[in-house]
Amino acid sequence: MTVETVTDAPADQGEGFDRRAEQMRLVEAVLFASAEPVEEAALAARLGPEADLRGILDELQAHYSHRGVHLVAAAGRWAFRTAPDLAPLLQRETEVTSRLSRAAVETLSIIAYHQPVTRAEIESIRGVATSKGTLDILMEAGWIKPGRRRETPGRPLTWLTTPAFLDHFGLESLRDLPGVDDLRAAGLLDARPAITTLFSRGDDAALPRAVEDSAED
């Protein structure tokens with residue numbers, strides 16, 4: 001029977017190499033596992049005072065310099081970051097759909113059917129105050145825009161819908177806005193005061209030709 005003899009590596013080479021390799025793996029694991037950059041002091045505390053932390057970090061930095069992530073330092077804190085040349089390839093655009101509040105829907109409807117209309121007139125129709133945030137939301141969506149100032153005391157600003165409003169709702173012109181019968185048939189016309197007042201003038205009176213022309217300029 002043949003007995004194989006295993007010869008240990010020299011202590012000054014094998015054991016030292018294994019210890020450094022384990023320390024490097026430990027630093028690598030800590031950096032990957034941390035959600036935030038890690039301070040050098042925290043890494044040094046894990047390795048012990050005899051470890052060559054700076055040498056290990058430099059070696060890891062060189063190792064990852066041509067990989068998908070790089071080891072970077074800022075203000076004494078270390079972290080893995082996506083390689084700069086790959087960052088554009090990892091960006092994803094997500095469209096977030098959010099529902100308009102009842103106040104925004106009512107305000108938009110009033111502007112669409114009564115434009116040009118002032119904020120005071122919107123509030124009179126709805127029966128409640130209109131917050132500036134509601135108008136801001138509709139402007140950010142690109143559905144309304146400021147119109148001419150009314151030649152009345154205080155010269156209040158009027159509001160109009162935009163071409164983007166027509167495009168979003170699939171309308172060729174304001175004449176294509178649904179009438180009372182269409183809304184009632186679709187179950188979208190209820191008995192709330194704001195909605196009742198909104199259509200109180202009837203289909204034809206709601207959108208005079210002059211209003212349509214001013215909104216589409």
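Position 1 is the first residue of the sequence; numbering continues from there. The structure displayed is predicted, hence computed values, not measured ones. The basis for the numbers below is simple: all heavy atoms, side chains too, and nothing from hydrogens, waters or symmetry mates.
- Looking only at atom types and distance, the side chain of Thr161 has a donor-acceptor partner in the side chain of Gln115 under 3.5 Å away.
- Side-chain N or O atoms of Ser124 include none that pairs as donor or acceptor with a backbone N or O of Ala120 at under 3.5 Å.
- Of all non-hydrogen atoms in Pro156 and Pro153, the two that sit nearest each other are CD-O, 3.9 Å.
- In terms of heavy atoms, Met24 sits closest to Leu60 at CG-CD2, 3.6 Å.
- Atom CZ of Arg175 is separated from atom CG of Leu166 by 13.0 Å, given to the nearest 0.5 angstrom.
- Arg126 contributes atom CZ, which lies 6.5 Å from atom CD1 of Ile110 (distance to the nearest 0.5 angstrom).
- Nearest approach of Ile111 to Trp159, heavy atoms of both residues: CG2-O, 3.8 Å.
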* Candidate pair Leu108 and Tyr113, rule side chain to side chain contact (heavy atoms under 4.5 Å, CB included), full reasoning -> CA-CA 9 Å; Leu108 179 61; Tyr113 282 89; over 6 Å; no
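- Taking OG1 of Thr162 as the reference point, atom NE2 of His168 lies at 11.0 Å (rounded to 0.5 Å).
- Of all heavy-atom pairs between Ala164 and Gly142, the closest is CB-O, 3.2 Å.
- Salt bridge Glu40/Arg77: absent, no basic N to carboxylate O contact under 4.0 Å.
- In this structure, Arg102 and Glu106 have side chains that are in contact, with non-hydrogen atoms separated by less than 4.5 Å.
- Using a 4.5 Å heavy-atom cutoff, the side chains of Ile56 and Leu47 are in contact.
- Listed by chain and number, the residues in a side-chain hydrogen bond (donor to acceptor under 3.5 Å, both in side chains) with Arg25 are Glu22 (sequence neighbours excluded).
- Comment: Arg19 does not engage Glu50 in a salt bridge, judged by the lack of any side-chain N to carboxylate O separation of less than 4.0 angstrom.
- Formation of a donor-acceptor pair under 3.5 Å by the Arg149 side chain with backbone atoms of Gly154 is not found in this model.
- Under the 4.5 Å side-chain criterion, counting only non-hydrogen atoms from C-beta, Leu174 is in contact with Leu177.
- Contact of the Ile144 side chain with the Leu135 side chain is registered, since non-hydrogen atoms from C-beta on lie closer than 4.5 Å.
- Checked options Leu57, Val72, Leu53; the residue passing with Trp78 is Leu57 (criterion: side-chain contact (heavy atoms from CB on, under 4.5 Å)).
- At least one side-chain heavy atom of Ile125 sits under 4.5 Å from a side-chain heavy atom of His114.
- Hydrophobic clustering places Val117 together with Leu157 (ILVMFWY residues linked when any side-chain heavy atoms are closer than 4.5 Å, directly or through intermediates).
- In this structure, Glu123 and Val128 have side chains that are not in contact, with every pair of non-hydrogen atoms separated by 4.5 Å or more.
- In this structure a side-chain-to-backbone donor-acceptor pair under 3.5 Å is missing from Arg46 to Leu26.
- The line from OG of Ser101 to CD1 of Ile137 is 6.0 Å long, rounded to the nearest 0.5 Å.
- Taking a cutoff of 4.0 Å between a charged side-chain nitrogen and a carboxylate oxygen, Glu59 and Arg20 qualify as a salt bridge.
- A donor-acceptor pair is defined here as one N or O able to donate and one able to accept, closer than 3.5 Å; such a pair exists between the side chain of Thr107 and the backbone of Ala103.
- Cluster annotation: Val69 and Leu86 are assigned to distinct hydrophobic clusters (Ile/Leu/Val/Met/Phe/Trp/Tyr, side-chain heavy-atom contacts under 4.5 Å, transitive).
- In terms of heavy atoms, Arg81 sits closest to Pro37 at NH2-CG, 3.6 Å.
- Scanning all heavy atoms of the two residues, the minimum distance from Ala104 to Thr134 falls at CA-CG2, 3.6 Å.
- The side-chain heavy atoms of Val27 and Phe32, taken from C-beta on, include no pair separated by under 4.5 Å.
- The ring-ring contact (aromatic ring centres under 6.0 Å, His included) contacts involving residues 36-72 comprise Tyr64-Phe80, where partners must be two or more places apart or lie in separate chains.
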